[in-house]
Amino acid sequence: MEETYTHGHGEPVLRSHRWRTAANSASYLLPHLRPGLDLLDIGCGPGTITAELAGRVAPGRTVGIDRAPEVVDQARSAVGRDAEFLTGDVYGLDFDPESFDVVHAHQLLQHLAEPVAALEEMRRVLRPGGRLAVRDADYGAFVWHPADDRLDRWRDLYTEVCDRNGGDADAGRRLPSWVDAAGFSDIEVSSSNWTYAEGRTAAWWAGLWADRTTSSTFGDQAIDYGLATRAELQTIAEGWREWATQAGALFVVVNMEVMARP
Ligand SMILES: C[S@@+](CC[C@H](N)C(=O)[O-])C[C@H]1O[C@@H](n2cnc3c(N)ncnc32)[C@H](O)[C@@H]1O
């Protein structure tokens, strides 16, 4: 299976992932959690969301898994008192059938060449009556203001790199059909946004993407694939920083969410 994780785990990427909380990234799931449930979080990254979900289901077991051992180590040292963190691959989960009440994956399916196969594996480890909860962004649906050619170019480039890596930057809109194709039932679809507005949050978001463009595997891959030059990445990064200084700067990250039964 040809698949490369676009973002890598460099500092600007983890700066973004560590900002994530259960409240800002998994609010659709929270009303369905209760003490005693066993929960698996796949593609857990640095584990900030995992740790908070663990607090909701304790004394139930919470396990976070990720294919990248370096980020599993970081999760274990930062939030490892709240959940177990293990290296593992969604395509071959090292758990018996029907091991968990909840299987959660946040911003994972967009990076997979075979999302339906991954969802089938998630279904295998869910107990009857359990719940799948998946959430992914949809880059094609992002909204920003004011317009800037350099941000348009960023989105096109990101989409192309993701495609070359086997993923799908517009995964959000495809979640319901992928979940259905994997054999789940009782599919419930919702969406929610991250909103970054003029001032501190827009500057934070823009700074992240400026740094991610010049100093993360996304930028390196864009060059390796012959899709951009280092000078162009620099121009895009400057575009991000300048965009955030404008009056009324606003960026909305659209995320789709699906809950379903195995
Ligand atoms: C965008 S990050 C999301 C991290 C975390 N869920 C969050 O939202 O903060 C996606 C994570 O999925 C992991 N990943 C990619 N492919 C995977 C696979 N086949 N199996 C397990 N994890 C995978 C990556 O290493 C990365 O840490």
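- No side-chain heavy atom of His104 sits less than 4.5 Å from a side-chain heavy atom of Arg131.
- In this structure, Phe251 has its ring center at least 6.0 angstrom away from the ring center of Trp209.
- Looking only at side-chain heavy atoms (C-beta outward), Arg56 and Leu30 come within less than 4.5 Å of each other.
- Side-chain contact of Arg135 with Ser192: a donor-acceptor pair under 3.5 Å is present, judged by distance alone.
- Between Met256 and Asp138 there is a side-chain heavy-atom pair separated by less than 4.5 Å.
- Salt-bridge annotation for Glu3 and Arg67: present, with a side-chain N of the basic residue lying under 4.0 Å from a carboxylate O of the acidic one.
- For the atom pair CG of Asp180 and CZ of Arg174, the computed distance is 15.5 Å after rounding to the nearest 0.5 Å.
- Interatomic distance, CG of Asp136 versus OG of Ser191, reported as 13.0 Å (0.5 Å rounding).
- One hydrophobic cluster holds both Val253 and Trp240 under the rule that ILVMFWY side chains link at heavy-atom gaps under 4.5 Å.
- Between Ala22 and Ile49, the shortest heavy-atom contact is CA-CG2, 4.4 Å.
- When side chains are defined from C-beta on, Leu119 counts as touching Leu132, because their heavy atoms get closer than 4.5 Å.
- Side-chain atoms of Gln246 come within 3.5 Å of backbone atoms of Trp243 as a donor-acceptor pair (strictly under, hydrogens ignored).
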- [ ] Verify side-chain hydrogen bond (donor to acceptor under 3.5 Å, both in side chains) between Arg18 and Gln74, making sure each step is shown before the conclusion.
- [x] CA-CA 11 Å; Arg18 286 199 187 103; Gln74 293 188 34; 2.6 Å; yes
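- For the pair Met259/Tyr28, a side-chain contact is recorded, criterion being any heavy-atom separation below 4.5 Å from C-beta on.
- For the 3.5 Å distance criterion, the side chains of Asn165 and Gln221 qualify, holding a donor opposite an acceptor.
- In this structure, the side chain of Arg261 does not engage the main chain of Pro128 through any donor-acceptor pair within 3.5 Å.
- Between the side chain of Glu198 and the main chain of Gly248, a donor-acceptor pair closer than 3.5 Å is present.
- Of all heavy-atom pairs spanning Leu29 and Ala133, the tightest one is CD1-CB, 3.9 Å.
- Proximity of Ile236 to Leu157: side-chain heavy atoms (C-beta onward) are separated by under 4.5 Å at one or more points.
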- [ ] Determine, stepwise, if the pair Val103 / Asp41 fulfils side chain to side chain contact (heavy atoms under 4.5 Å, CB included).
- [x] CA-CA 6 Å; Val103 172; Asp41 187 19; over 6 Å; no
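- Judged purely by distance below 3.5 Å, without hydrogens or angles, the side chains of Tyr225 and Asp220 never pair a donor atom with an acceptor atom.
- Scanning all heavy atoms of the two residues, the minimum distance from Asp66 to Cys44 falls at OD2-N, 3.4 Å.
- Note on Val13 and Tyr196: separate hydrophobic clusters, where clusters join Ile, Leu, Val, Met, Phe, Trp and Tyr whose side-chain heavy atoms are under 4.5 Å apart, directly or indirectly.
- With hydrogens and angles disregarded, a donor-acceptor distance shorter than 3.5 Å links the side chain of Asp38 to the backbone of Arg61.
- A donor-acceptor pair shorter than 3.5 Å cannot be found between the side chains of Asp168 and Gln110.
- By the rule that hydrophobic residues join a cluster once side-chain heavy atoms approach within less than 4.5 Å of another member, Leu175 and Val189 end up as members of one cluster.
- One distance of note links OG1 of Thr62 with CG of Asp82; it measures 9.0 Å at 0.5 Å rounding.
- For the pair Ser27 (side chain) and Asn24 (backbone), a donor-acceptor distance under 3.5 Å is absent.
- At distances below 3.5 Å, not a single donor-acceptor pair connects side-chain atoms of Asp73 with backbone N or O atoms of Glu70.
- No donor-acceptor pair closer than 3.5 Å links the side chain of Ser215 to the backbone N or O of Arg212.
- Remark: Asn255 CG to Ser25 OG distance equals 7.5 Å, nearest 0.5 Å.
- Taking the charged nitrogens against the carboxylate oxygens, Asp211 and Arg241 do have a contact shorter than 4.0 Å, which makes a salt bridge.
- With Thr217 contributing its side chain and Gly8 its backbone, the two residues share a donor-acceptor pair below 3.5 Å.
- Thr201 OG1 to Leu250 CG: the interatomic distance, rounded to the nearest 0.5 Å, is 9.0 Å.
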- [ ] Would you sort out whether Glu160 and Arg153 count as a salt bridge (Lys or Arg N to Asp or Glu O under 4.0 Å), showing the intermediate values?
- [x] CA-CA 11 Å; Glu160 282 181 82; Arg153 177 66 183 131; 3.7 Å; yes
TODO: Check the pair Met122, Phe100 against side chain to side chain contact (heavy atoms under 4.5 Å, CB included), reporting the backbone distance first and the verdict last.
DONE: CA-CA 10 Å; Met122 295 184 200; Phe100 293 95; over 6 Å; no
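- Heavy atoms from other residues, nucleotides or ligands lying under 6.0 Å from CG of Asp156 number more than 12.
- With values rounded to the nearest 0.5 angstrom, Asp89 atom CG is found 9.5 Å from Ile42 atom CD1.
- A continuous path of hydrophobic side-chain contacts links Leu233 to Trp205 [ILVMFWY only; heavy atoms under 4.5 Å].
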- [ ] Run the numbers on Arg124 and Glu98 for salt bridge (Lys or Arg N to Asp or Glu O under 4.0 Å), then give the verdict.
- [x] CA-CA 6 Å; Arg124 183 184 69 79; Glu98 303 182 6; over 6 Å; no
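- Hydrophobic clustering keeps Leu53 apart from Val134 (ILVMFWY residues linked when any side-chain heavy atoms are closer than 4.5 Å, directly or through intermediates).
- Taking both residues in full, the closest heavy atoms of Ala206 and Ala244 are given as CB-CB, 3.6 Å, listed atom of the first, atom of the second, then distance.
- Using a distance-only test at 3.5 Å, with no hydrogens or angles considered, a donor-acceptor pair links the side chain of Arg76 to the main chain of Phe85.
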Open item on the list: Is there a side chain to side chain contact (heavy atoms under 4.5 Å, CB included) between Val102 and Leu33? Walk through the geometry before answering.
Closed with: CA-CA 8 Å; Val102 180; Leu33 298 182; 4.0 Å; yes
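- For Pro176 against Val258, the heavy-atom pair with the smallest separation is N-CG2, 3.9 Å.
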Task: side chain to side chain contact (heavy atoms under 4.5 Å, CB included) between Thr6 and His111, worked out - done: CA-CA 7 Å; Thr6 302; His111 297 293; 4.2 Å; yes
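- In this structure, Trp19 and Trp194 have perpendicular ring planes: the angle between them is above 60°, well past the 30° mark.
- Side-chain atoms of Tyr91 and Glu120 form no donor-acceptor pair, as typed in the model, at a separation below 3.5 Å.
- In terms of modelled atom types and a separation under 3.5 Å, the side chain of Thr48 and the main chain of Arg20 share a donor-acceptor contact.
- Under the 4.5 Å side-chain criterion, counting only non-hydrogen atoms from C-beta, Phe142 is not in contact with Tyr158.
- In this structure the side chain of Val57 never reaches within 4.5 angstrom of the side chain of Arg34, judged on heavy atoms.
- The two residues Pro262 and Gly130 make their nearest non-hydrogen contact at CD-O, 3.2 Å.
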